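The shown structure was predicted, so the numbers you read here are calculated from the model rather than taken from an experiment. In the text below, chain A, chain B and the rest are named by the order of the sequence lines, each starting its count at 1.
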Number of protein chains: 2
Amino acid sequence: MKLLDISEVARRSGVKASALRYYEDKGLIASVGRRGIRRLFEPVVLQRLALIRLGQAGGFSLDELAAMLPPDDAPTIDRDALLAKADDLDQTIRRLSAMRDALRHAAACPAPSHFECATFQRYLKVAAKGGLPAAVPPLQA
Amino acid sequence: MKLLDISEVARRSGVKASALRYYEDKGLIASVGRRGIRRLFEPVVLQRLALIRLGQAGGFSLDELAAMLPPDDAPTIDRDALLAKADDLDQTIRRLSAMRDALRHAAACPAPSHFECATFQRYLKVAAKGGLPAAVPPLQA
DNA sequence: TCTTGACCTCAAGTTGACTTGAACTGGCAG
DNA sequence: CTGCCAGTTCAAGTCAACTTGAGGTCAAGA
């Protein structure tokens, strides 16, 4: 299995070298050695990075991800935490769906103020339901 | 219509007074005057704040919200922007759904490494589809 | 009238996730 | 052997969205 240097990992993962170093610092990924002063990574790090990106998109912080993806492969994940996060996502999804519907409606509805539109209000109500539990962060392109 | 002072708005909206001042600074909300040195708000600001909270949960930044909720009421929203955001949300929702399914699966699956599990891989593939467009930020409780 | 305490302003601090800059290193082409 | 330059370290900067702190104001109650 041939090893990758940081620029290769960056190129293939779309994650900048500076971010990769940052991730290593945080314990999210590990390099397997150095050639001289330069880090070397196993190709499997690409999968880890994909998971990390996904996790971020799902609203996990890097710290959370570090916690649920321990150094070794085979993410020895805390099942309860996973299920809890899945439930969170359910909430979020329901809310975002209502948001989306509200947006589409707002784009089409002729009401002078959307606050006066029962349909809009109804979407908002659904969207706001449950006190707005957890959401997800804007991905830097 | 009786006016509200900042603490009343904070109490009824769940948004801290410091955040309300910050929002006013940013032009997201407006006070209608002062009693002495103290801001006074019209009750309608509560609806605006609800929209803002919702928008944030939907992944809009405060600047975006300021742009689509102009000072006057009756959000004169840019319909194309709304529809575009709705499409974004569709993407996000699809991705989050796959994430959630992957999480539930990971919590149940006995495979030694999830990378070796076809089901998990499949979810990830769906979740990653489309280059991860837009996501939503963690709500501060 | 005087005191109080909620509110005010403005600057600086905080957190997460990185990026950037300066100064250094070392494998490899020539 | 020598330079080049991608890579390295470490500290500091950035951005969004607020929060916190210091010091000032003023309407209302005693």
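The distance between atom CG of B:D63 and atom P of D:dA17, rounded to the nearest whole Å, is 6 Å. Put simply, CD1 on B:I6 is 13 Å from C1' on D:dC18, counting in whole angstrom units. Per the geometry, OH belonging to B:Y22 stands 14 Å off C1' belonging to C:dG13, to the nearest Å. Between B:D5 atom CG and C:dC8 atom C1' there is a gap of 13 Å when expressed in whole angstrom units. When rounded to the nearest whole Å, the span between CG of B:L40 and C1' of D:dA27 equals 12 Å. Note: CD (B:E64) to P (D:dA16) measures 11 Å, nearest angstrom. Per the geometry, CZ belonging to B:R11 stands 15 Å off P belonging to C:dA6, to the nearest Å. Between the CZ atom of B:R39 and the C1' atom of D:dT25 there is a distance of 13 Å, given to the nearest Å.
In this structure, of D:dA17, D:dG7, C:dC7, it is D:dA17 that holds the atom nearest to the side chain of B:S61.
A distance-only check finds a donor-acceptor pair linking the side chain of B:R48 to the backbone of B:L28 [under 3.5 Å]. The backbone N or O of B:S31 lies less than 3.5 Å from a partner atom in the side chain of B:E24, making a donor-acceptor pair.
Every side-chain contact (heavy atoms from CB on, under 4.5 Å) that A:A10 has, sequence neighbours left out, goes to A:L20. Residues satisfying the side-chain contact (heavy atoms from CB on, under 4.5 Å) criterion with B:S13, sequence neighbours excluded, are B:V9, B:V15, B:L46, B:L49.
B:D63 and B:S61 form no side-chain donor-acceptor contact under 3.5 Å, judged by distance and modelled atom types alone.
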task = Indicate for each nucleotide in nucleotides 20-30 of chain C, in 5' to 3' sequence, whether protein heavy atoms under 4.0 Å reach the base (B), only the sugar-phosphate (S), or nothing (-).
result = B----SBS---
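The structure places CD1 of A:I52 at 6.5 Å from CD1 of A:I29, a figure rounded to the nearest 0.5 Å.
Distances shorter than 4.0 Å separate some side-chain N or O of A:Y23 from OP1 or OP2 on C:dC18.
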